[in-house]
Amino acid sequence: MRYPPTLLIIATKKLTAECCGYPISIFFIVVNEFCERFSYYGMRAVLVLYFRYFLLWDDDLATSIYHAFVALCYLTPILGAIIADSWLGKFKTIIYLSIVYAIGQVTMAISTIHDITDANRDGTPDNFTFHIALSMLGLILIALGTGGIKPCVAAFGGDQFQEHQSRQLNTFFSVFYLCINAGSLLSTLITPVLRVVFIAGSGMYVKTDPEGNIMWSVCKCIGFAIKNRFRHRSSSYPKREHWMDWANEKYDKLLIAQIKMVLKVLFLYIPLPMFWTLFDQKGSRWTLQATTMSGDFGAFILQPDQMQTVNPILILTLVPIMDRLIFPLIQKCGLNFSPLKRMTVGMLFAAMAFVSAALVQIEIDKTLPNFPSSSESQLKVVNTYSTTLNVTISPNEHLLIESFGVQLHTSKHTYSTISYVKSKPREGKNAIRRDFVLRHGEQWCEFSRKFGFGASYTFLIPSTVFSDDCESITEVEDMKPNSVHMALQIPQYFLITTGEVMFSVTGLQFSYSQAPKNMKSVLQAGWLCTNAVGNIIVLIVAELGKLPKQWAEYLLFASLLVAVSIIFSIMAYFYTYIDPAEIEAQVRKEQGLEPEEMEKETLEMEEKDEDQKNEQGVKQTKI
Ligand SMILES: N[C@@H](Cc1ccccc1)C(=O)N[C@@H](Cc1ccccc1)C(=O)O
């Protein structure tokens with residue numbers, strides 16, 4: 001679309017107040033991000049355990065639904081970017097979708113109150129369908145809220161910077177990342193209250209107007225280029241430099257140039273989901289791995305889901321170290337550690353993290369008893385007689401075992417027990433001293449035992465138990481306590497977090513810097529989509545490609561990521577970094593349009609006058 005010189009509609013940049021070279025409005029944006037991540041990660045950290053122990057789903061279903069949710073959270077950014085860039089603008093999109101988000105969190109919180117359907121007060125919900133439906137509704141609203149605002153916040157932050165603040169803009173993305181991780185670390189329920197901080201900064205923001213339905217224009221332009229290319233497929237037509245040039249007949253050169261820039265970056269993003277496939281298993285597989293380990297740190301007991309906090313803690317230390325020490329040092333050594341190289345190295349670190357997870361898994365497996373497979377049963381017979389007893393079970397006889405630890409048979413003076421054990425007790429249960437009271441009519445006695453993490457015991461209670469005050473109770477250890485310590489997971493967390501700093505912080509900056517001005521949110525959404533696809537891959541692998549051994553699955557993921565990082569490094573080699581503003585200015589010049597810089601300068605001068613007249617004025621319309 002060409003703009004006639006007589007009818008020029010321009011959104012201007014507000015002159016922003018600065019502090020230490022940074023726009024003050026940035027403060028509200030990073031605090032808002034802190035609060036939002038605080039809420040999101042707080043909920044996400046316990047999600048797998050909620051599925052597993054409240055809704056009583058198995059490991060695979062819990063992992064699958066968890067990753068489906070995370071995938072949805074990173075697919076909805078496309079919707080957010082469309083709403084922001086085409087209709088409401090970034091500011092209003094963030095406000096409205098935050099409301100949807102808060103409603104989702106409340107719905108989710110309500111779904112976890114089992115008393116709602118626990119009519120018989122036995123501590124278990126009576127109507128699981130109700131809780132599942134409510135929690136799914138809550139998760140969909142949360143995904144819509146968190147994903148919708150995600151591409152807008154980073155891009156909105158970037159928009160606050162003026163041309164002369166490019167150094168501060170780069171630091172902004174690191175600080176932004178620090179806030180994400182500080183927020184996730186301190187996750188609690190007060191987030192919805194703190195989120196008003198974003199609105200408080202309202203008067204100070206640079207709010208760029210949405211530029212019409214940009215996504216629709218992009219789709220139409222791409223569609224036209226493809227159709228036109230197909231119509232002119234005969235070799236008699238001269239070739240064009242780029243297939244998008246086939247849209248030249250109908251579409252503005254500037255739009256075509258912008259689409260080319262975005263497509264180039266999106267093409268480069270194709271291998272990236274593999275990184276997230278590994279990264280996001282921290283919240284599922286690694287948390288489940290931690291449930292088979294001991295969290296006893298002496299002074300405190302770490303719960304399996306709390307292990308995830310190692311990631312943001314490491315981010316808070318690694319981002320400044322990388323930014324201030326490692327990257328400048330590499331630069332001083334004369335090495336060109338370009339953004340795409342950093343991302344490749346980040347992938348290799350993530351692969352190493354999975355090798356480390358596999359080694360830990362091998363150690364854990366050594367301590368586990370042989371569990372029966374889904375087609376096998378396991379019986380444990382305890383002989384409390386002082387002589388040898390032969391137990392014969394007819395192979396043809398159908399044996400019904402109702403649940404874990406069922407007592408099947410008693411003799412007059414001694415109880416023999418048969419128990420059925422299918423997996424390790426989870427949630428770090430059995431790690432504390434417990435007191436028991438045995439009652440039978442008027443008779444009772446008390447006893448106390450200390451249990452190890454993940455252990456399973458059978459108690460043998462003779463009929464004389466009340467006469468000797470519970471002294472005669474003996475216990476049999478069905479399963480040993482977890483002996484591999486959770487601290488062994490630290491190396492894998494360190495490696496994946498180092499990879500994240502190289503990959504994710506750089507990717508965030510890269511997506512902003514390589515996007516044309518009117519498509520910053522769109523490219524942020526594209527970047528987040530790589531995460532969604534990564535989670536979908538975990539879903540598929542968890543459902544289809546079940547490997548018999550968990551360590552083998554970890555090694556498979558590590559090898560896949562190494563292969564993908566090689567492909568990515570080849571693609572990165574052929575990528576040329578661009579300055580979108582420069583390309584846009586060049587196209588404008590070729591089209592005989594006024595350069596944006598000049599427009600900006602004229603408008604800034606005009607705005608200064610206008611600001612003096614009207615302090616509220618943010619936008620101007622020039623006709
Ligand atoms: N390091 C993560 C935050 C985290 C905190 C606690 C447990 C796990 C992770 C982080 O910084 N995430 C960023 C970047 C990101 C990551 C994955 C997908 C999209 C973006 C975030 O914005 O949440």
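Quick caveat, the model's predicted, so the values are computed rather than measured. Start at 1 and go down the list; that is how both ligands and their atoms are numbered.
- In terms of heavy-atom proximity, Q492 sits nearest to A357 at OE1-CA, 3.3 Å.
- Between W276 and F503, the ring centre distance stays below 6.0 Å.
- No more than 12 heavy-atom neighbours from other residues, nucleotides or ligands sit within 6.0 angstrom of OH on Y96.
- Taking the six-membered ring for Trp and the full ring otherwise, F34 and F38 have centroids separated by under 6.0 Å.
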Sub-3.5 Å pairs, protein N or O with ligand 1 N or O:
{"from": "ligand 1", "atom 1": "1 (N)", "to": "N181", "atom 2": "OD1", "distance (Å)": "2.8"}
{"from": "ligand 1", "atom 1": "1 (N)", "to": "N311", "atom 2": "OD1", "distance (Å)": "2.6"}
{"from": "ligand 1", "atom 1": "1 (N)", "to": "E500", "atom 2": "OE1", "distance (Å)": "3.2"}
{"from": "ligand 1", "atom 1": "1 (N)", "to": "E500", "atom 2": "OE2", "distance (Å)": "2.5"}
{"from": "ligand 1", "atom 1": "11 (O)", "to": "Y177", "atom 2": "OH", "distance (Å)": "3.4"}
{"from": "ligand 1", "atom 1": "11 (O)", "to": "N181", "atom 2": "OD1", "distance (Å)": "3.3"}
{"from": "ligand 1", "atom 1": "11 (O)", "to": "N181", "atom 2": "ND2", "distance (Å)": "2.9"}
{"from": "ligand 1", "atom 1": "11 (O)", "to": "E500", "atom 2": "OE2", "distance (Å)": "3.1"}
{"from": "ligand 1", "atom 1": "12 (N)", "to": "Y41", "atom 2": "OH", "distance (Å)": "3.1"}
{"from": "ligand 1", "atom 1": "22 (O)", "to": "K150", "atom 2": "NZ", "distance (Å)": "2.6"}
{"from": "ligand 1", "atom 1": "23 (O)", "to": "R37", "atom 2": "NH1", "distance (Å)": "2.7"}
{"from": "ligand 1", "atom 1": "23 (O)", "to": "Y41", "atom 2": "OH", "distance (Å)": "2.5"}

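- Ion pairing between K150 and E36 fails under the 4.0 Å rule for side-chain N and carboxylate O.
- A donor-acceptor pair is defined here as one N or O able to donate and one able to accept, closer than 3.5 Å; such a pair exists between the side chain of T277 and the backbone of G534.
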